[in-house]
Number of protein chains: 2
Amino acid sequence: MSILSGAAAVLRLFSVERQELSVTDVARLLDMPKSSASRLLRAMLNQQLLMHAGDTPRYRVGHLIFETSRAYFGHSHLVDLVDGELLELCQATGHTGYISMLDNEDVLVLRVHLGTQPLRVVTPHGSRRKAFATSTGRSMLARLGAAQVDTLTLDHARSEKSPKTHAALEHILGEIRCKGWAEAEDEEIPGVASIAVSIADARKSELLSFCLVFPAHTIAQGERANYAARLVAAARRIAAQVDDPFWTQRHPLKIVAA
Amino acid sequence: MSILSGAAAVLRLFSVERQELSVTDVARLLDMPKSSASRLLRAMLNQQLLMHAGDTPRYRVGHLIFETSRAYFGHSHLVDLVDGELLELCQATGHTGYISMLDNEDVLVLRVHLGTQPLRVVTPHGSRRKAFATSTGRSMLARLGAAQVDTLTLDHARSEKSPKTHAALEHILGEIRCKGWAEAEDEEIPGVASIAVSIADARKSELLSFCLVFPAHTIAQGERANYAARLVAAARRIAAQVDDPFWTQRHPLKIVAA
DNA sequence: ATAAGAGTCTCGTTTTTTGCAACCGTAGTT
DNA sequence: AACTACGGTTGCAAAAAACGAGACTCTTAT
């Protein structure tokens, strides 16, 4: 195991539930000798991938991770615009919301706004999500050309509900282009439904998606139509500020849940 | 140079202005042979510290950085509450705002909201800021005990205006405890003033600060008092939700700019 | 005073990393 | 069509870093 893979493994140990790590934690969780764990954590500390947790010998995520993330996205005007709208939506509906982008064939989550309702969707940490098998992914795929869509590999979907052929996917993407929003239910996450819209700043080649996720069995079709309408309205407000023709050059749509 | 220091150096090359890197970029910027750069970037890609920029041979920041940052802070209820308030403040005033935490003796910036005014403060990327020499840092230091404050090293300040002795610092922190907000001018960043408040979620041992920064010469004292009042009001609203006794157990203060 | 556990350090060995130089693929120029 | 330039990759021997066992230190609990 190279030291870089060891460092990556350490970073993956952090989570909302595990904000600090000790030498013994790392040795145990990564099944490595204590001396190796001690040196690895010390080396990561020196590079600011980790920092000390106060005066304790425990370690926390370091400056470099936040600085890299922030330098990369902390100044995105589009992310800020979306963030403001999504925050309001999550507060109003009580559901969790995500802001994501495409990473080749996967969805990369940038921001999360947790819902406030007792029954809440929490995404498994670090899991990779295929774009074609999620509403948020499909909302962004709808902005790609057919040539790009045809190169996607449509396997490893967790649900029978995900499209299995490029023709089926193109059909769904056509619907999304028409109505402006995407939905998924019982696909990537069992028992969970989601509704997503996309937004782009063409001048900066930035394409994002934001969505609401909720337990599928608790939300009626009428309420889902309401969520879709609010997401579309939010996307339109953002689009007016960044001049996204996907929204600004389309007629107001009749919002109908499938 | 160990591969870990090389990887950290690569991550530091990213910025708002530099969202992608090629092998040649890294070789040139880090003064290393092309083969070393090629293999280093490939190794980082394999560990998801980097990802490919579409079909090009260029690299972008990878999943692991965002996942680590998000897993660590993306779910912070306190950060979300502060973020919502700060977003509104920045939109209302047009100035840049930061959300930060303490990292031992330094300030670690978590979120940035850029202002909208033409004359805007932009913090140098990756710079370390001493807590005792910034308003946002002092607002958090005001919540520490005297014993902890006395262990701080009060050197390397960029300005003569920063406190030089622990007695002087304690005096300033006493004022901050009394009025609830901190200010700085011409200290860490020449020509720039800032006003900050702190907020804590004691149940989760989370201490944050948020602030507005602006060019010092353009804002009159009366307007600064207005900013301080709005920051205090925002802190109070958050404090009511997380039960922060620093705010909820103090009388409404007369807001007076020093 | 003793035991247990967390964490550090030494040192010989092993593994990884390095950089030179050659090479490949692509694009532009003649 | 041939040549040049550039970005990026690969083989290989050498150099450097990393490894892990085991001894050690320090702290805490009994």
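Order of the sequence lines sets the chain letters (A, B, ...), proteins ahead of strands, with each chain counted from 1.
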Quiz item: With nearest nucleotides of DNA chain C determined for A/Arg42 and B/Ser35 from heavy-atom distances, which residue corresponds to the more 5′ nucleotide?
Solution: A/Arg42
Quiz prompt | Interatomic distance, B/Asn46 CG vs C/dT16 C1' [rounded to whole Å] | solution = 15 Å
Exercise. May I have all residue pairs that pass side-chain hydrogen bond (donor to acceptor under 3.5 Å, both in side chains) and include part of residues 133-145 of chain A, sequence neighbours excluded?
Key: A/Ser135-A/Ser194, A/Thr136-A/Ser209, A/Arg138-A/Glu187, A/Ser139-A/Ser209, A/Arg143-A/Ser198, A/Arg143-A/Asp244
Quiz item: Looking across every strand, which nucleic acid part, if any, lies under 4.0 Å from A/Thr24 by heavy atom: base, sugar-phosphate, or nothing?
Solution: sugar-phosphate
Self-check item: Test item: A/Thr153 and A/Glu105 side chains (from C-beta on) under 4.5 Å apart, heavy atoms
Solution: yes
Quiz item: Counting any heavy atom closer than 4.0 Å, what does A/Arg39 reach on the DNA or RNA strands: base, sugar-phosphate only, or nothing?
Solution: base
Quiz item: Which value, rounded to the nearest 0.5 Å, describes the distance between A/Leu207 atom CG and A/Asp201 atom CG?
Solution: 10.5 Å
Quiz item: Is a side-chain donor-acceptor pair under 3.5 Å present for A/Asp83 with A/His113?
Solution: yes
Quiz item: If you check every side-chain atom of B/Ser2, which of D/dA21, C/dT8, D/dA18 has the closest atom?
Solution: D/dA18
Quiz prompt | Separation of atom CZ in A/Arg58 from atom P in C/dA6, rounded to whole Å | solution = 11 Å
Quiz item: Please give, in whole Å, the distance from C/dT18 P to B/Asp31 CG?
Solution: 14 Å
Practice problem: Using a strict cut-off of less than 4.0 Å between a Lys/Arg side-chain nitrogen and an Asp/Glu carboxylate oxygen, indicate whether B/Arg28 and B/Asp25 qualify as a salt bridge. | Solution: yes
Self-check item: Spacing between B/Leu41 atom CG and C/dG19 atom P, to the nearest angstrom
Solution: 14 Å
Quiz prompt | Bending between helix ends of the helix from C/dA1-D/dT30 to C/dT30-D/dA1 [5 pairs per end, 10° resolution] | solution = 30°
Self-check item: Interatomic spacing from CG in B/Leu11 to OG1 in A/Thr68 - rounded to 0.5 Å
Solution: 4.5 Å
Practice problem: Side chain of A/Val23 only, please: which of D/dA21, C/dT8, C/dT17 is the nearest? | Solution: C/dT8
Quiz item: If we only count heavy atoms from C-beta on, is the B/Phe132 to B/Ser162 side-chain gap below 4.5 Å?
Solution: yes
Quiz prompt | B/Ser36 side-chain N/O to C/dG19 phosphate OP1/OP2 under 4.0 Å | solution = yes
Quiz item: Rounded to whole angstroms, how far apart are CG on A/Leu45 and C1' on C/dG7?
Solution: 14 Å
Quiz item: In whole Å, what is the span from the CG atom of B/Leu40 to the P atom of C/dG19?
Solution: 11 Å
Practice problem: Name the closest nucleotide to the B/Pro57 side chain, picking from D/dA21, D/dG8, C/dT17. | Solution: D/dG8
Exercise. Find the distance B/Lys34:NZ to C/dT18:C1' and express it as a whole number of Å.
Key: 16 Å
Practice problem: Round to the nearest Å and state the distance from B/Tyr59 atom OH to D/dG7 atom P. | Solution: 15 Å
Quiz item: Quick one: on DNA chain C, does A/Leu4 or A/Ser22 contact a more 5' nucleotide (nearest heavy atom)?
Solution: A/Ser22
